[in-house]
Amino acid sequence: APAQADALQVLLAKLAQDLHRPPLPDVIQASVGKEVRLIRLADVVYFEADTRYTRVVYRHEGQDADALIRTPLKDLLAQLDEAQFTQVHRSVIVRSDCMASAVRDDAGNMHLRLRGREERLPVSRQFQGLFRAQ
């Protein structure tokens, strides 16, 4: 019974934490020149830390686009649904359904290939465990 009580306490603590978490945004506001662009999370391909800003790479009306937001990556990570977005590097968060494959080079470094895109994103050693063959 003590183990069940401990498990129940852990579950209750998680539920309490979820209740106090701000609701996940559907849209991110980003400045592009003099325009404030409303970017749907469903259109985001990945987020990348860029000095004091975070770069948002997304699809807009079938075209590749990017914008900068002031929200630091770690704050953004706390707001995103972990079922939809995966951190693969300290400076990169990727939309899970945009990932095509993870490739290891001869030096042991890993890069992420994205569906329908040319760029390769770094996967740090800390996150390489996410890409183990089952």
Side-chain angles (χ1 to χ4, degrees):
Q4 285 180 323
D6 288 346
L8 189 58
Q9 287 297 324
V10 169
L11 186 60
L12 286 172
K14 178 159 178 26
L15 287 171
Q17 181 184 20
D18 287 349
L19 281 174
H20 298 296
R21 179 179 292 164
L24 297 171
D26 291 332
V27 171
I28 291 176
Q29 295 185 12
S31 297
V32 179
K34 293 181 179 179
E35 177 183 11
V36 174
R37 193 160 291 162
L38 303 177
I39 303 168
R40 295 176 346 143
L41 272 183
D43 294 335
V44 172
V45 178
Y46 64 92
F47 297 97
E48 183 176 34
D50 183 14
T51 56
R52 293 186 323 209
Y53 298 94
T54 297
R55 183 171 164 241
V56 183
V57 177
Y58 64 102
R59 298 284 294 165
H60 178 69
E61 297 175 358
Q63 300 293 316
D64 292 336
D66 66 280
L68 295 176
I69 58 174
R70 293 182 188 271
T71 309
L73 209 62
K74 68 179 174 74
D75 294 352
L76 199 56
L77 188 61
Q79 297 174 22
L80 295 172
D81 182 351
E82 55 197 44
Q84 292 183 359
F85 289 90
T86 304
Q87 185 169 17
V88 297
H89 189 275
R90 67 180 166 77
S91 65
V92 180
I93 300 172
V94 182
R95 183 174 185 79
S96 302
D97 62 5
C98 291
M99 294 188 253
S101 65
V103 180
R104 190 181 309 273
D105 63 21
D106 293 338
N109 299 315
M110 188 177 277
H111 289 85
L112 196 61
R113 288 188 176 153
L114 303 175
R115 297 183 194 287
R117 299 184 67 90
E118 292 298 314
E119 68 262 51
R120 303 289 181 253
L121 300 176
V123 178
S124 62
R125 293 201 190 287
Q126 175 184 356
F127 297 105
Q128 287 182 9
L130 296 169
F131 305 102
R132 298 271 186 255
Q134 300 297 317

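Numbers here are sequence positions counted from 1.
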Set of residues satisfying side chain to side chain contact (heavy atoms under 4.5 Å, CB included) with respect to Asp105, sequence neighbours excluded: Ala107, Asn109, His111
From Leu73 atom CG to Asp50 atom CG, the distance as rounded to the nearest 0.5 Å: 11.0 Å
Phe127: ring-ring contact (aromatic ring centres under 6.0 Å, His included) partners, not counting sequence neighbours: none
Contacts of Asp64 that satisfy salt bridge (charged side-chain N to carboxylate O under 4.0 Å, His left out) - sequence neighbours left out: Arg59, Arg117
Salt bridge (charged side-chain N to carboxylate O under 4.0 Å, His left out) involving Glu61 - partner list, sequence neighbours excluded: none
Which residues share a salt bridge (charged side-chain N to carboxylate O under 4.0 Å, His left out) with Asp106, sequence neighbours left out: none
Nonpolar side-chain network containing Tyr53, other nodes, edges under 4.5 Å: Leu68
Arg70 CZ to Asp75 CG distance, which is reported to the nearest 0.5 Å: 14.0 Å
Closest contact, heavy atoms only, Val56 versus Ile39: CG1-CD1, 4.2 Å
Pairs satisfying salt bridge (Lys or Arg N to Asp or Glu O under 4.0 Å), at least one member in residues 120-130, at least two apart: none
Donor-acceptor pair between Ser96 and Thr86 side chains, under 3.5 angstrom: yes
Note, Ile93 side chain near Gln87 side chain (heavy atom, < 4.5 Å): yes
Residues clustering with Leu12 (ILVMFWY side chains joined when closer than 4.5 Å, directly or via others): Leu8
Thr51: side chain to side chain contact (heavy atoms under 4.5 Å, CB included) partners, not counting sequence neighbours: none
Side-chain cluster (under 4.5 Å, hydrophobic types only) that Leu38 belongs to, other residues: Val27
Glu35 CD: over 12 foreign heavy atoms closer than 6.0 Å: yes
Those residues that, when tested against Arg104, pass side-chain hydrogen bond (donor to acceptor under 3.5 Å, both in side chains) (two or more places apart): Gln128
Minimum heavy-atom distance between Ala102 and Met110, given as atom pair plus value: CB-SD, 3.8 Å
Contacts of type ring-ring contact (aromatic ring centres under 6.0 Å, His included), residue Phe47, not counting sequence neighbours: Phe85
Heavy-atom closest contact (Thr71 atom, Thr54 atom, distance): O-OG1, 2.6 Å
